[in-house]
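Below you'll find the structure, written out as C-alpha cells, and then a few comments.
Computed over heavy atoms, backbone and side chain alike; hydrogens, waters and symmetry mates excluded. Letters A, B, ... are given to chains in the order of the sequence lines, protein chains preceding strands, and every chain is numbered from 1. All figures in this text were calculated on a predicted structure; none of them were measured in a lab.
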Amino acid sequence: MDDLSQVLRIRREKLDRLRERGIEPYAYNFDATHRSSGAVDSFEEAEAAGTLDEGGHAGMVRVGGRIVAWRGHGKSAFAHVEDAGGRIQLYFKKDVIGEEAFADLDLTDLGDWIGVEGPLFRTRTGEVTVRVDSWTMLSKSLRPLPFGKVEVDADTGERTVHSGFADAESRYRQRYADLAVHPEVREVFRIRSRVVTALRGFMDGEGFLEVETPALQPLYGGASARPFVTRHNALDRTMYLRIADELYLKRLIVGGLDRVYELSKDFRNEGIDRSHNPEFTMLEWYQAFSDYEEQMDLVERMCLHVLDTVLDTRTITYGGKEIRFEAPFRRIGLVDSLSEALGTPVADLSDAELRARAKKLGVPELEGAGRGKLIDKLFGELVEPDLIQPTFVLDHPKELSPLAKPKRGDPELTERFELYIAGMEAFNAFSELNDPLDQRERFEAQARLRDAGDDEAQTIDEDYIRALEYGLPPTGGVGMGVDRFVMLLTDQSSIRDVILFPTLRSEE
RNA sequence: GACCCGGUAGCUCAGCUGGUAGAGCAACGGACUUUUAAUCCGUAGGUCCUGGGUUCGAUCCCCAGCCGGGUCACCA
C-alpha cells in the first residue's frame with residue numbers, strides 16, 4: 001500500500017475505517033423506488049397536484065447513484081448523485097440523519113455508489129432535492145474518477161465542464177471512466193443502440209429474415225481487404241475472420257431464403273483511422289427478384305425510418321454542415337459526373353490521358369492502375385468531396401466490382417451504387433452477379449491481380465461458384481456501415497467515438 | 001507506412017537562454033445547517049513516457065524506442 005499514490009492510499013484507509021465501523025463497503029443490492037429523473041417527476045406531479053406537506057415535502061423516495069459532486073457545510077452537506085436517469089441533488093443534515101450517520105459521510109468520496117432514502121423538497125434556489133433521512137454505502141470507489149466541475153448557466157442552461165477528462169487515449173482505454181464522467185458519451189451509445197434496434201425493426205418489417213453466417217471462415221471473400229488469419233487446432237487448418245458476409249448470404253438466397261439480412265462484426269486487417277476500425281459493424285441484406293434500382297428506394301426508406309424513429313428529424317448537423325434527408329436522394333453516374341468535372345467525356349479519354357490528369361492532381365501510386373482504378377481515383381479527387389447531401393453514385397467500372405452484374409446497355413460498367421453522406425461512403429450495393437460463368441471469370445481476373453501483387457484482390461471461392469451454378473435468382477444486395485451511420489446521427493468525427501472499445505495498441 | 005503535434009501530481013494544464021518543478025480542480029486538516037464551478041484558512045501529493053547521449057548539471061538539447069492525436073497514403 002505504501003507504493004500507492006496518496007489519493008489511492010487515502011481511499012483504502014477509508015475502506016478499512018468503514019469496515020471498522022461495521023459498514024459493509026460493497027453491498028449486494030439496493031431497492032430503489034425511482035431513478036433520479038423519475039423522482040424529480042414525482043415531486044413535480046405532487047407539487048402540481050398540491051399534495052405537498054406543510055414543510056413542502058413530497059413522498060419518500062429511495063434513489064441509488066454515484067456521487068458526482070459534494071459541497072460540505074459543516075453540519076450539513078449538498079451532493080449530487082447520478083444514475084441512468086440523470087442527476088439529483090441530495091441534502092444531508094446532521095440533525096436529520098443523526099450524528100453517527102453524518103460522521104460516516106466523511107468516509108465517502110466522489111465516485112462512491114450510495115443509496116439514500118428521504119422525502120423530496122425544493123431548495124431555496126429551486127432545485128428538487130432529496131432530504132436524506134438515511135443513506136447506505138453501495139460500493140466504495142478506490143480510484144478517483146476524473147470528474148470535471150459542471151457549471152450551468154442559470155439563464156441559458158448552458159453546461160460548461162471545467163478541467164474534465166480530455167485525454168483521448170485514456171478515454172478510449174478506460175471507456176468505463178469516460179462513460180462514468182461524460183453523460184454525453186453515454187447518450188451517443190444509447191443512440192447507437194436505438195439505431196440498431198430501428199434497423200432491425202425496419203428489416204423485419206420489410207419481411208427480411210435475420211440470419212447468422214460464419215465469422216470464422218475457411219476462405220474469406222465478398223470484399224477487397226486483407227483478413228485476420230487464425231488457426232483451428234483440431235482441424236489443423238488456417239481459418240480467417242470474415243471481411244464481409246456477402247458470399248454466405250447469397251448462398252442463402254440460392255437456398256430459397258428470399259430475403260435475408262445479417263447485422264454483425266466484420267474484420268479487416270487494415271490501417272486504423274477516423275473512419276476505420278479493424279472490427280466494425282455491417283448490416284448486409286439481399287433480396288431476391290430485386291435489382292439495385294429497387295434497393296435505392298429501400299435504402300431511402302430505411303434512412304428516413306431510422307431518422308424518424310431515433311431522432312425524430314430528417315435534418316441533421318454533421319461537422320457543422322446541415323444535411324437534409326429528402327427522398328428521392330440525388331443520383332449521379334460515377335462516370336457521368338466525372339466527365340462533367342473533367343470537362344471532357346471520360347469515354348473520349350485514353351488510359352494515358354486519364355493517368356496524366358490524375359498525375360496532375362497529385363494522385364500518388366498510379367503504377368499498374370487500370371482504367372477502372374484511374375476513374376475511381378479521379379472521381380475521389382474531383383467529385384467525392386462535394387457529396388455532402390445524401391447522394392447515390394451509380395454504375396462503377398467492372399474492374400472494381402467483381403460481384404456486381406454488368407450494367408444494362410454498358411457492359412464496361414456494373415449496376416452498383418454507393419450512397420455518400422457528408423462525404424462518407426455509408427452504403428454499397430449491387431444488382432448481384434448471378435451468372436456463374438461470368439463470376440468465375442471475374443474471380444480469375446481478381447486472381448491475376450493477386451498474382452500481380454495485390455494482396456487485397458479477392459480469392460476464387462469454388463464453393464460459391466457451385467452455389468451460383470444451382471441458380472441465384474436476380475438479387476439486389478446492400479451493405480451498410482453501421483458505425484459510420486451512427487457517426488452521422490451523433491455528429492462524431494471519429495469511428496472510435498461510436499465504438500465502445502476501439503482497437504488500440506497494447507498499453508505495455 | 002510518411003510527416004506534424006503531444007506524453008509533467010488522480011484530472012486539466014503551465015514550466016523562460018539547461019540549474020532536479022508550479023497552478024486550478026480533486027484529496028487531507030480546520031471553519032461553515034439551503035449550497036450548486038459553494039466559500040474561507042492551512043497541508044500534502046511527482047518514475048517530468050522509456051532507454052541512451054551531450055553537459056559540472058537535462059522536464060528542457062540530441063538519438064532511439066513506446067503510446068496517443070492529426071494530416072496524407074492504404075482501406076474499390
Side-chain angles (χ1 to χ4, degrees), chain A residues 3-11 13-14 56 68-80 87 89-96 102 106 109-111 121-127 129 131 141-154 159-173 177 181 223-226 243 268-278 280 334 362-365 369-370 372-373 375-377 379-380 393 396-404 414 416 418 425 428 446 449 454-458 493-494 496 504-508:
Chain A
D3 56 344
L4 293 181
S5 73
Q6 187 189 44
V7 289
L8 299 184
R9 199 182 62 243
I10 287 166
R11 290 195 176 203
E13 287 165 7
K14 288 181 179 175
V68 296
W70 190 271
R71 296 175 294 282
H73 291 268
K75 296 184 181 64
S76 72
F78 286 91
H80 278 91
R87 291 184 173 204
Q89 182 166 255
L90 310 179
Y91 182 44
F92 295 92
K93 236 172 142 179
K94 191 173 184 176
D95 54 17
V96 170
F102 194 80
D106 287 344
D109 283 294
L110 293 185
F121 73 109
R122 206 180 268 286
T123 63
R124 200 154 64 191
T125 53
E127 183 164 349
T129 301
R131 195 211 65 200
S141 164
L142 296 181
R143 185 178 291 273
L145 280 165
F147 288 112
K149 288 210 166 186
V150 181
E151 181 180 7
V152 182
D153 188 295
R159 279 175 85 248
T160 312
V161 178
H162 299 269
S163 62
F165 187 35
D167 180 65
E169 180 176 358
S170 303
R171 290 182 51 205
Y172 296 137
R173 286 197 196 285
V181 304
S224 302
R226 281 177 292 171
I243 59 172
R268 295 187 185 176
N269 208 337
E270 311 275 2
I272 300 176
D273 65 25
R274 282 197 305 175
S275 58
H276 296 86
N277 195 65
F280 62 103
L334 190 155
V363 177
E365 300 196 29
K373 191 120 186 162
I375 290 171
D376 189 53
K377 287 287 177 192
F379 177 83
V393 175
H396 299 55
K398 192 168 168 181
E399 175 190 333
L400 301 174
S401 313
L403 299 165
T414 55
R416 174 176 177 184
E418 292 177 308
E425 179 199 334
N428 179 29
Q446 289 287 309
L449 289 175
D454 182 352
D455 57 1
E456 284 169 352
Q458 304 200 18
S493 61
S494 171
R496 295 181 198 98
L504 299 174
R505 280 180 215 278
S506 141
E507 221 174 329
E508 287 82 48

Rounded to whole angstroms, how far apart are CG on A:Leu110 and C1' on B:C28?
14 Å

Aromatic plane relationship, A:Phe78 with A:His73 - under 30° parallel, 30 to 60° tilted, over 60° perpendicular
perpendicular

Kindly say whether, by distance alone, the side chain of A:Glu127 makes a donor-acceptor pair under 3.5 Å with the base of B:U35?
no

List the residues meeting side-chain hydrogen bond (donor to acceptor under 3.5 Å, both in side chains) with A:Asp376, not counting sequence neighbours, and say none if there are none.
none

Just checking A:Phe121: base, sugar-phosphate only, or nothing, at a heavy-atom cut-off of under 4.0 Å?
base

Ignoring backbone atoms, establish whether A:Arg274 has a side-chain N or O less than 4.0 Å from OP1 or OP2 of B:U71.
yes

Side-chain donor/acceptor of A:Ser141 to backbone N/O of A:Arg143, under 3.5 Å
yes

Identify all pairs in which a protein N or O lies below 3.5 Å from an N or O of nucleotides 31-33 of chain B, and state each distance.
from, atom 1, to, atom 2, distance (Å)
B:C32, N3, A:Gly74, N, 3.2
B:C32, N4, A:Gly74, N, 3.1
B:U33, OP2, A:Lys75, N, 3.4
B:U33, O4', A:Ser76, OG, 3.2
B:U33, N3, A:Asp95, OD2, 3.2
B:U33, O4, A:Asp95, OD2, 3.0

Point-to-point distance, once rounded to the nearest 0.5 Å, from CG of A:Leu90 to OG1 of A:Thr129
8.0 Å

Across all strands shown, which nucleotide pairs with B:U71 by Watson-Crick or G-U wobble geometry, both distances under 3.5 Å?
B:A2

For B:C25, give the paired nucleotide (Watson-Crick: N1-N3 plus N6-O4 or O6-N4; G-U: N1-O2 and O6-N3; both under 3.5 Å), or none.
B:G10

Short side-chain N/O contact from A:Arg159 to OP1 or OP2 of B:A37, under 4.0 Å:
no

Looking only at heavy atoms, the pair that brings A:Arg274 and A:Ser493 closest together is CD-O, 3.6 Å

Under a 4.0 Å threshold between the charged nitrogen and the carboxylate oxygen, would A:Lys149 count as salt-bridged to A:Glu151?
no

Tell me what A:His80 touches on the nucleic acid: a base, only sugar-phosphate, or nothing, going by heavy atoms under 4.0 Å.
base

Partners of A:Glu169 by salt bridge (charged side-chain N to carboxylate O under 4.0 Å, His left out), sequence neighbours excluded?
A:Arg173

Working to the nearest 0.5 angstrom, can you tell me the gap between A:Ile243 CD1 and A:Glu270 CD?
8.5 Å

Using a 4.0 Å heavy-atom cut-off, write out nucleotides 6-14 of chain B from 5' to 3' as B (base contacted by protein), S (sugar-phosphate only) or - (no contact).
----SSS--

According to a strict under-4.0 Å criterion, is A:Arg505 in side-chain N/O contact with OP1 or OP2 of B:G68?
yes

When rounded to whole Å, the CZ to P distance for the pair A:Phe78 and B:U35 reads 6 Å

Under-4.0 Å side-chain N/O to phosphate OP1/OP2 contact, A:Lys149 with B:A38
yes

Who is the Watson-Crick or G-U wobble partner of B:C16, with both distances under 3.5 Å?
none

Output the single nucleotide from B:A27, B:U34, B:G68 whose closest atom is nearest the side chain of A:Thr123.
B:U34

May I ask you to say what A:Arg496 touches in the nucleic acid, namely base, sugar-phosphate or nothing, with a heavy-atom cut-off under 4.0 Å?
sugar-phosphate

Using heavy atoms to find the nearest nucleotide of RNA chain B for A:Asp273 and A:Arg173 separately, return the residue whose nucleotide is more 5′.
A:Arg173

Please determine whether any donor N or O and acceptor N or O are separated by less than 3.5 Å between the side chain of A:Arg124 and the base of B:U34.
no

Suppose we screen for side-chain hydrogen bond (donor to acceptor under 3.5 Å, both in side chains). Which residues come up paired with A:Glu425, at least two apart in sequence or across chains?
none

Any side-chain N or O of A:Arg71 under 4.0 Å from OP1/OP2 of B:U35?
no

Nearest-Å distance for atom pair CZ/C1', residues A:Arg143 and B:A27
15 Å

Does any nucleotide pair with B:C48 by Watson-Crick or G-U wobble geometry, both distances under 3.5 Å, and what is it?
none

Does the ring center of A:Phe147 lie less than 6.0 Å from the ring center of A:Trp70?
no

Watson-Crick or G-U wobble partner of B:C61, both distances under 3.5 Å
B:G53

Run the side-chain hydrogen bond (donor to acceptor under 3.5 Å, both in side chains) test against A:Thr123 and tell me which residues pass, sequence neighbours left out.
A:Thr125

Position toward the 5' end of RNA chain B (nearest nucleotide), A:Tyr172 or A:Val150:
A:Val150

